[in-house]
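Worth saying up front: this structure is predicted, and the values here are computed from it rather than measured. Within every chain, numbering begins at 1; the chains are lettered A, B, ... in the order of the sequence lines, protein sequences first and strands thereafter.
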Amino acid sequence: MTALGGFGTGIASVQLLIQASYFVTAVLFIIGLKRMSSPVTARSGILWAGAGMLVATLVTFLYPGMTNYPLIGAAIVVGGGIAWWSGKRVAMTDMPQMIALYNGMGGGAAAAIAAVELYRGESPGLASSALAVIGGIIGSVSFGGSIIAFAKLQGLVKRSLRFPGQQLLNLLILAAAIGIGAAVALGIDATPSAVTAFFVLSIVLGVTMTLPIGGADMPVVISLYNALTGLAVGFEGFVLQNAAMIIAGTVVGSAGTLLTQLMAKAMNRSLGNVLFSGFGDTGGPATGEVKGSLKPIEATDVGVMLAFAQKVIIVPGYGMAVAQAQHKIWELCQLLIDRGVTVRFAIHPVAGRMPGHMNVLLAEAGVPYDLIADLDEINAEFENADAALIIGANDVVNPVARTDKSSPIYGMPILNADKAKNVIVIKRGQGAGFSGIENALFYLDNTRMLYGDAQKAAAELIQAIKAVG
Amino acid sequence: MTGIVALYIFMLAAFTGYEVISRVPVILHTPLMSGSNFVHGIVLVGAMVALGAAHTPLEKAIGFVGVLLAAGNAVGGYVVTERMLEMFKSSGRPSKGSH
């Protein structure tokens, strides 16, 4: 570390220890991420990465010239304690917004590092100031945006705020933030008030960018902010000449970008489309366009239908997870399998709240992997299915995505549940989906609605099938 | 570390991140996002250094918030990732029948 040269030999050996430990941390992180990308080794992956984090944190206490130890200790205990407590308690269904929240905290921390450097005002050089500013704006946007993403998925912010000229306003805020940031970095106006204005504008930009984005697009947005936080951490690593931060931040930045692309692709939407078109920007959901009526059915009738079916495909959605019905549903499936019925689970790439979320929830209930099929595998099989059982899924089975060019979800790949001979929809009430779009599937001639809580409905179905004998 | 060396590190780390993720199955997307979220919790060491070098009350206050948030990122990221991957272990060896 050239920036910290000129210390005595004792400090030099401490420096060497710190640098060596950061190197080990970087290696542990990369091995950990590699192991997390395969189901067999995934569990040990987090342990490797966790060991790396522990090493880096402990060795940082030895940093030469450090002061404020009580403050550092208190902040770690309070911040870490609250996160530990909340992380242990959060339900699996709420995982996506929790990730958003923790990610926002990381972005905020990166911005705080930039703020400390910039308020100090002793610029160690243009490159360093510029990187602090770039990392600062990215981290602040990720901070503000992630908090809004959390609030939306948690149901604290219900509506997507949209108004004419919104994109223009965001562009103006962005331009102002960049302008002031450039002035700070170049030393034209590096006063504390300019620095404050820079950070306030950056955080506001994150908030206003995220407010118009609909809940259905939120997974992609969270993934994007995850990548952005990584990038911000990497940039601040350059400022602090910290190799562990540079490597870990950049690795997450690029891996997160790829993950974001994969998710956007699964939803058949480009990233630009997600960020700037505004989901359902056409002035609210088109409700009046669906023809037909909703036809209710009783659980006993559904039980008979399923019991004598040859093939049943189950389409689980977020609603099933919210009702904690996955265990009952799996019990129902085992009854059917014992009767010789072929049962499969059809998983849409964005079922749940983000790709893979539904697999986590089904794994929790003990459903074996070989019964779970993804969209490409299962879509041809719906034609041969006697019944498609839709549990708490909505937008991912809405046929308007194939037919109605004016629909906001037009072009999104969907599960072809409407092709099954009978479609049974278990649904709590008559409301529209998470995206606020009316579902044409519910009004088809071969569709019947089984109203009620998913867990209760599944229990009734189990009774009905047992009664068939 | 000179600018050009820093650029090399940046480039190599970016390719590493891309390669590590490129063959991940969809079922692991959520845990992996959570895992990478944990990894950028390394911002904690930077926040510690920033607070450790803070002098004015303003610097100390911002540094404190930085360490607080960073510790939340690291600890929370670890706990939720570990909880999610825990379940993958049990489903990797499915028990006969349900519970």
[X]-[Y] side chain donor-acceptor pair, cut-off 3.5 Å:
X	Y	value
B:His29	A:Asn359	no
A:Thr60	A:Tyr22	yes
A:Tyr102	A:Ser86	yes

For each of [options], tally heavy-atom pairs with chain B at distances under 4.5 Å, and name the one with the top tally.
options	value
A:Gly50, A:Ala112, A:Ala109	A:Ala109
A:Ile247, A:Val90, A:Ile82	A:Val90
A:Ser37, A:Ala83, A:Ser38, A:Ser44	A:Ser37
A:Val78, A:Leu47, A:Val116, A:Ile30	A:Val116
A:Ser223, A:Gly249, A:Gly253	A:Ser223
A:Ile113, A:Leu258, A:Val233	A:Leu258

When [options] are compared by non-hydrogen pairs under 4.5 Å with chain A, the top option:
options	value
B:Val39, B:Val20, B:Leu32	B:Val39
B:Gly77, B:Gly35, B:Gly72	B:Gly72
B:Val75, B:Val80, B:Thr81, B:Leu69	B:Leu69

Under 3.5 Å donor-acceptor, A:Thr250 side chain and B:Ala14 backbone: no
B:Met33 backbone acceptor or donor facing B:Ser36 side chain under 3.5 Å: yes
Check against side-chain contact (heavy atoms from CB on, under 4.5 Å), B:Thr16 and B:Glu19: CA-CA 5 Å; B:Thr16 305; B:Glu19 278 304 310; 5.9 Å; no
Pairing of A:Glu331 and A:Lys328 as salt bridge, 4.0 angstrom limit: yes
Relative to chain B, which segment of [X] carries a heavy atom at a distance below 4.5 Å: side chain, backbone, both, or neither?
X	result
A:Tyr69	neither
A:Arg35	neither
A:Met95	side chain
A:Ala127	neither
A:Thr257	neither

Return all side-chain donor-acceptor pairs below 3.5 angstrom for residues 42-67 of chain B, not counting sequence neighbours, or 'none' if the list is empty.
{"from": "B:Thr56", "atom 1": "OG1", "to": "B:Glu59", "atom 2": "N", "distance (Å)": "3.1"}
{"from": "B:Glu59", "atom 1": "OE1", "to": "B:His55", "atom 2": "N", "distance (Å)": "3.0"}

Results of ring-ring contact (aromatic ring centres under 6.0 Å, His included) for B:Phe38 - residues two or more places apart only: B:Tyr78
